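Proteins come first, then strands; the chains are lettered A, B, ... in the order of their sequence lines, and each starts at number 1. What you see is a predicted model; the values in this text were computed from it and never measured.
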Amino acid sequence: MKKKMKIATYNANSIRSRIELLKTWLGKHKPDILCIQETKVQDDEFPLEAFRDTRYEVVFRGQKKYNGVAIFSRFPLEEIEVDLPNDPVQEARFLKAKAGKIIVLNTYIPQGQEVDSDKFQYKLEYFRLLKSYFSSRFDPQKDFVLWCGDLNAAREPIDVYDPEGLWGHVCYCKEVKESFEDVMKWGFIDLFRQFHPEGGHYTFWDYRIPNSFQRKLGWRLDYILATEPLAKTCRDCWIDLEARQAEKPSDHTFLVAEFIL
DNA sequence: ATGGTGGACAATCCA
């Protein structure tokens with residue numbers, strides 16, 4: 001018996017300021033799993049009560065002020081991990097859970113600030129640690145691994161609004177591109193790219209640029225990546241631009257993938 | 001004009 005499965009990812013830029021938007025979105029799109037980044041709330045203040053009537057199971061890992069990740073799921077989540085092994089900083093950026101046969105990784109990759117900063121080195125290290133994690137734990141030919149999140153990296157020129165002007169930015173430069181591709185070649189398929197080879201599709205628009213969304217000044221920084229056995233079951237992957245019409249949208253929007261399993 | 005805005009959280013840090 002084949003079953004439809006819908007999985008989404010969203011950088012909320014504070015889950016507490018996005019409660020109404022999220023409840024509306026969950027009710028309308030009914031994803032089976034939603035990975036959230038930048039919840040910006042420590043665990044004892046997570047707004048569990050606000051989502052109680054949605055009947056999703058929720059796991060989260062947060063810290064004060066910054067970062068924070070959460071997974072909403074209609075299926076029981078098992079084998080939960082909240083720390084990326086060997087991460088020297090141990091910020092709340094990593095969440096792993098198993099939903100049935102799908103292993104879900106939800107990450108909020110460090111943005112990197114400036115290319116000559118320690119934070120940028122940490123960003124590169126984060127990709128390296130993720131690759132070690134995947135290699136040591138899973139088999140890309142057999143396991144159904146799904147890596148979702150805000151990866152703070154654009155893969156190709158078609159993933160940013162001004163490829164020449166933006167080259168060298170912490171989210172679009174040689175080092176980040178190489179680090180990201182090195183993890184990809186372990187065995188991930190970029191589901192959105194698989195269904196949309198053309199460029200100009202973005203998931204992030206900078207608040208600081210006036211009317212960046214209307215002017216299409218965006219970046220593709222959010223991804224749903226799957227190992228081959230899982231990618232084969234993917235029927236579609238799309239960016240939900242409608243969610244940008246909400247009253248107080250995040251600077252990112254939802255990326256969604258549908259599978260027949 | 002070396003900026004824009006938005007969020008957390010209390011003087012700035014982060015994106």
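Between Phe51(A) and Phe72(A), the angle of the ring planes goes over 60°, which puts this pair in the perpendicular group of the 30/60° scheme.
Counting any heavy atom pair closer than 4.0 Å across all strands shown, Phe204(A) reaches no nucleic acid atom.
Within a 6.0 Å sphere centred on NZ of Lys23(A), heavy atoms belonging to other residues, nucleotides or ligands number more than 12.
Taking atom CG of Leu221(A) as the reference point, atom P of dC14(B) lies 19 Å away to the nearest angstrom. We find that CD1 of Ile15(A) is positioned 11 Å from P of dA8(B), with the value rounded to whole Å. As rounded to whole Å, 10 Å separates atom C1' of dG7(B) from atom OH of Tyr66(A). Separating the CZ atom of Arg93(A) from the P atom of dC14(B) is a distance of 10 Å, rounded to the nearest angstrom. What separates CD of Glu38(A) from C1' of dC13(B) is a distance of 12 Å, to the nearest Å. In this structure, Arg16(A) atom CZ and dA8(B) atom C1' are separated by 8 Å, rounded to whole Å. Distance CD (Gln37(A)) to P (dA8(B)): 16 Å, rounded to an integer number of Å. To the nearest angstrom, C1' of dG7(B) lies 15 Å from CD of Gln111(A).
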Scan nucleotides 2-6 of chain B against the protein and return all N/O pairs shorter than 3.5 Å with their distances rounded to 0.1 Å.
residue: dG4(B); atom: N9; partner: Arg208(A); partner atom: O; Å: 3.2
residue: dT5(B); atom: O4'; partner: Tyr207(A); partner atom: O; Å: 3.1

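The two atoms that bring Ile158(A) and Pro197(A) nearest to each other are CD1-O, 3.6 Å, heavy atoms only.
Between the side chain of Asp143(A) and the backbone N or O of Val145(A) there is no donor-acceptor pair closer than 3.5 Å.
Using a 4.0 Å cut-off, some side-chain N or O of Gln113(A) falls inside it from OP1 or OP2 of dC14(B). In terms of phosphate contacts, Lys64(A) brings a side-chain nitrogen or oxygen within less than 4.0 Å of OP1 or OP2 of dA10(B).
Rounded to whole Å, the separation between the P atoms of dT12(B) and dA1(B) comes to 25 Å. Taking atom P in both dT2(B) and dA15(B), the straight-line distance is 23 Å, to the nearest Å.
A side-chain donor from one of Gln37(A) and Thr9(A) sits under 3.5 Å from a side-chain acceptor of the other.
Remark: nothing in residues 162-182 of chain A comes within less than 4.0 Å of DNA chain B through any heavy atom.
Nucleotides of DNA chain B nearest to Asn67(A) and Gln42(A) differ in position, and the one nearer the 5' end is that of Gln42(A).
Here Tyr223(A) and Phe188(A) keep their ring centres 6.0 angstrom or further from each other. Residues Trp25(A) and Tyr10(A) keep their aromatic ring centres 6.0 Å or farther apart.
Tracing side-chain contacts under 4.5 Å through hydrophobic residues (I, L, V, M, F, W, Y), one reaches Phe75(A) starting from Ile224(A); they form part of the same cluster.
For the atom pair Tyr126(A) OH and Tyr108(A) OH, the distance stands at 11.0 Å (nearest 0.5 Å).
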